[in-house]
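Atoms within each ligand, like the ligands themselves, are counted from 1 in listed order.
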Amino acid sequence: MTAYLNAYARATEDPEGFWREQAAELDWYQFPEQIFAPEPSGNGRWFPDGQLNTCHLAVDRHVANGAGERCAIIYDSPATGVQERISYRQLQARVARCAGMLRALGVTRGDRVIIYMPMIPQALVGMLACARLGAVHSVVFGGFSAAELAVRINDAAPKVLLSASCGIEYDRVVPYKPLLDKALELVAGITPHVVIEQREQVEAPLRGPREHDWQALLAQADPVAPVPLKATDPLYILYTSGTTGKPKGVVRDNGGHAVALNFSMQALYDAQPGDVFWAASDIGWVVGHSYIVYAPLIRGCTTVLYEGKPVRTPDAGAFWRVIAEHQVNVFFTAPTAFRAIKREDPQVRLAAGRDLSCLKAVYVAGERLDPPTYEWLHSFLPCPVIDHWWQTETGWAIAGNPRGLGDFPMKPGSASLPLPGYQLEILDDDGRPVPRNEPGNIALRLPLPPGTLSTLWGDPARFVDSYLSVFPGYYCSGDGGYVDDDGYLFVMGRVDDVINVAGHRLSSGSLEEALGDHPAVAECAVVALAEALKGEVPVGFVVLKQGVQPDPAQLEGELIARVRDAVGAIASLRRVFILKRLPKTRSGKILRKTLRSLAAGPEVAVPPTIEDPAVLDEVRAVFEQAGCYDAARASYAATGH
Ligand code: COA
Ligand code: AMP
């Protein structure tokens with residue numbers, strides 16, 4: 001406990017001294033003389049005059065230090081039956097050539113490269129090659145639609161788009177080229193080079209001088225060395241869902257990111273060089289950026305790149321196979337993945353004969369680890385199970401059980417303690433701190449530590465508006481929760497219109513845009529409904545235009561298909577309900593918070609601003625009829641909660 005308390009106090013009282021020491025763990029072309037430069041917003045920039053290269057830190061440094069033969073990446077793909085081990089030396093050669101390929105296409109420092117790829121080694125190589133050149137990558141999750149990809153192309157204006165001929169979803173091959181073509185059609189005036197890794201499952205047709213075969217182009221490329229960059233130069237943009245339809249382009253810098261990730265690997269994950277680290281996520285999400293790619297490689301670990309699912313690839317024993325086969329030491333995934341396994345194999349029969357003793361700890365994030373899933377995991381895993389809380393914006397955990405800094409008791413349902421660098425407070429809606437055990441808004445006192453977002457791409461005003469203006473002097477997380485008497489944090493969920501489906505973050509606004517485009521729909525709202533497997537699922541409410549009388553089942557099918565087409569397969573609405581009107585304030589604002597509360601249970605406080613309280617009965621009746629309250633009642637009957 002002392003190590004944690006010391007580190008926490010030091011990071012709070014002498015942040016510059018604390019982070020200077022952490023920075024000294026890395027190689028710099030120029031070590032920063034200035035550790036922190038404050039900005040008028042209350043936030044600031046870390047290591048502003050330092051120079052380094054993230055790709056050098058993640059790859060070349062280990063080769064130079066004699067670890068070139070250590071395995072950097074284990075690619076395990078039940079989707080294709082392929083396994084490959086890539087050493088740091090081999091990775092260096094591949095990344096250097098890929099950087100040469102990008103340079104030959106005109107990519108230089110500061111240019112953007114969009115990466116829309118499945119979980120194959122080329123995707124990691126592409127990311128690291130961008131970092132090597134100082135180009136800014138923006139990885140777009142493969143489950144997003146052409147329209148969502150187009151929004152990101154429009155915003156980032158990339159010079160190159162790296163992709164592959166297909167992704168593989170269970171036994172379904174998803175060709176990417178039609179999606180790319182459609183996305184580029186939707187974009188005006190941006191014509192990136194498109195470089196495609198041809199996979200054997202599907203051949204993508206290449207047309208015109210700007211479409212290239214990855215391997216053919218690579219064959220002509222010369223290797224390129226890492227370019228010294230300013231610590232404050234952007235490493236990547238990662239789009240995430242806000243409360244409106246327009247995604248937020250979270251910008252991560254090079255220096256703070258490398259320092260913070262390296263620190264987190266020691267303090268939180270207790271991962272040593274040479275350890276096998278597996279984050280079963282996707283490179284399209286922040287977990288993939290931080291803990292499939294950058295942190296394990298910067299720390300000199302072996303990272304597992306898994307192209308498969310927790311279930312049905314081929315069965316619910318897939319995770320146990322990978323852990324045992326590759327002797328994984330630290331494992332990280334989302335609670336929903338474990339719930340999917342538990343549903344199919346509650347007795348964990350498929351782990352029989354698998355040696356899981358290699359595991360030092362299992363980490364979960366993306367949503368709260370619900371106590372039943374925690375207890376289930378705890379009953380058979382030979383190691384601690386640690387819930388930790390973070391966001392795309394922060395890039396690394398805000399709260400967790402810092403195993404590298406001591407041995408702490410676990411509390412089911414809690415994300416444990418704030419990590420050094422984060423000063424966490426619970427505030428009421430007026431920005432006043434609330435007493436222990438009382439719920440409120442989780443806020444972080446400024447400045448944020450290294451590694452957290454520096455701005456939103458192309459929209460610094462939105463950065464300030466969304467995060468820094470709500471509670472002056474604080475970063476507003478958008479999550480609600482409380483801190484108990486021992487200082488443990490309990491995160492209870494979003495207080496805004498962000499929805500979390502199977503660990504995927506979606507904005508109700510983008511789903512509403514898709515619903516609102518239907519010719520029969522006058523008005524709509526989307527909220528999250530609690531669900532056993534995915535945590536939450538989106539449900540829609542529509543008010544129809546005057547005189548329109550569609551068949552309700554057919555309309556629901558059309559609206560669900562429309563959302564899937566507009567946002568992507570991961571966003572499929574569970575249900576759409578037709579209402580005569582939506583609950584609104586007297587000034588006409590939709591009362592989404594009240595809809596959210598009604599989705600959770602029939603008893604809600606009637607907002608004083610509501611135009612007509614009778615509308616709540618209508619919504620309640622719809623939920624009742626759809627059986628939404630049955631599960632909650634069954635749980636209450638069983639547990640009293
Ligand atoms: N490309 C194309 N389609 C994709 C996709 C991708 N990369 N990822 C998901 N989809 C599709 C799925 O195939 C599914 O399609 P379907 O409706 O035709 O069946 C749809 O999107 C919904 O996917 P998902 O929400 O993932 O549900 P699922 O039932 O396929 O799987 C889980 C459920 C729990 C197994 C899965 O969501 C999972 O593994 N979650 C872990 C989440 C995670 O790692 N989050 C990162 C934060 S740590
Ligand atoms: P993302 O930006 O996609 O990583 O999603 C971040 C959001 O996921 C947070 O704002 C939370 O709402 C939720 N989240 C992530 N980790 C946890 C956790 N351990 N407990 C509760 N909620 C979490």
Side-chain angles (χ1 to χ4, degrees), residues 79 116-119 140-145 166-176 179 238-242 248 250 279-292 306-313 316 318-319 332-344 363-370 386-401 413-416 442 453 476-481 489-496 498-507 528 531-538 560 564 567-572 574:
Y116 186 74
M117 295 194 67
M119 292 279 286
V140 179
F141 177 59
F144 276 124
S145 65
C166 66
I168 302 167
E169 277 297 297
Y170 303 102
D171 47 9
R172 176 166 59 96
V173 171
V174 183
Y176 279 5
L179 288 164
L238 178 56
Y239 288 90
T240 189
S241 301
K248 294 169 165 170
V250 164
S281 177
D282 188 287
I283 50 155
W285 306 118
V286 69
V287 175
H289 281 62
S290 294
Y291 294 106
I292 296 174
Y306 174 68
E307 190 183 19
K309 302 275 180 175
V311 293
R312 291 167 48 210
T313 55
F319 277 9
F332 179 165
T333 192
T336 184
F338 283 130
R339 290 198 297 270
I341 294 171
K342 183 178 164 206
R343 194 169 67 167
E344 294 202 6
Y363 292 80
V364 289
E367 51 171 327
R368 174 169 172 262
L369 175 59
D370 53 294
I386 294 171
D387 186 8
H388 61 319
W389 170 62
W390 51 303
Q391 311 180 310
T392 303
E393 288 85 345
T394 64
W396 62 290
I398 307 162
N401 205 311
S414 169
S416 299
I442 312 177
L453 79 171
C476 168
S477 73
D479 279 309
L489 174 71
F490 289 75
V491 183
M492 304 314 292
R494 299 289 306 194
V495 291
D496 56 14
V498 167
I499 300 177
N500 193 326
V501 184
H504 309 314
R505 177 166 159 182
L506 300 169
S507 94
E531 200 247 11
L533 174 66
K534 298 193 178 189
E536 288 182 343
V537 289
I560 288 173
R564 190 179 166 103
V567 183
I570 48 161
S572 47
R574 179 58 56 92

Does the residue A415 have a heavy-atom contact with ligand 2, meaning some pair of atoms that are separated by less than 4.0 Å?
no
Yes or no: does W390 have any heavy atom under 4.0 Å from an atom of ligand 2?
yes
If you compare all heavy atoms of [X] against all heavy atoms of [Y], which two are closest, and at what distance to 0.1 Å?
{"X": "W285", "Y": "L238", "answer": "C-CD2, 4.0 Å"}
{"X": "G167", "Y": "Y176", "answer": "N-CE1, 3.4 Å"}
{"X": "A365", "Y": "P335", "answer": "O-CD, 3.4 Å"}

Is there a side-chain contact between V491 and R368 in this structure, where contact means two heavy atoms from C-beta onward sitting under 4.5 Å apart?
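No, side chains not in contact.
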Validation row: V498, T240 side chains within 4.5 angstrom (heavy atoms)
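They are not in side-chain contact.
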List the residues meeting salt bridge (Lys or Arg N to Asp or Glu O under 4.0 Å) with [X], not counting sequence neighbours, and say none if there are none.
{"X": "E169", "result": "K309"}
{"X": "R574", "result": "E531"}
{"X": "K342", "result": "none"}

Side chain, backbone, both or neither: which part of [X] comes within less than 4.0 Å of ligand 2 when only heavy atoms are counted?
{"X": "D387", "answer": "side chain"}
{"X": "V287", "answer": "neither"}
{"X": "Q391", "answer": "both"}

Before giving the answer on salt bridge (charged side-chain N to carboxylate O under 4.0 Å, His left out), spell out for R494 and E536 the whole-Å C-alpha distance, their side-chain angles and the decisive distance to 0.1 Å.
CA-CA 11 Å; R494 299 289 306 194; E536 288 182 343; over 6 Å; no
Who are the residue neighbours of ligand 1 when the rule is a heavy atom under 4.0 Å from any of its atoms?
F141, G142, G143, E169, Y170, R172, A280, S281, W285, V287, K309, P310, A334, T336, A365, A502, G503, H504, K534, R564, A569, I570
Pick from R505, E536, R368: the one approaching atom 22 (N) of ligand 2 most closely through a non-hydrogen atom
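Ranked by closest heavy atom to atom 22 (N) of ligand 2, first place is R368.
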Give the ring-plane orientation class for H388 versus W390, where under 30° counts as parallel, over 60° as perpendicular and anything between as tilted.
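Answer is tilted, since the angle falls between 30° and 60°.
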Answer yes or no: does an N/O atom from H388 fall short of 3.5 Å to an N/O atom of ligand 2?
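Between H388 and ligand 2, an N or O pair is found under 3.5 Å apart.
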Return yes or no for this condition: an N or O of S477 is under 3.5 Å from an N or O of ligand 2.
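Min N/O separation from ligand 2 is not below 3.5 Å for S477.
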Numbering as shown, the atoms of ligand 2 that approach T392 to under 4.0 Å (heavy-atom distance)
1 (P), 2 (O), 3 (O), 4 (O)
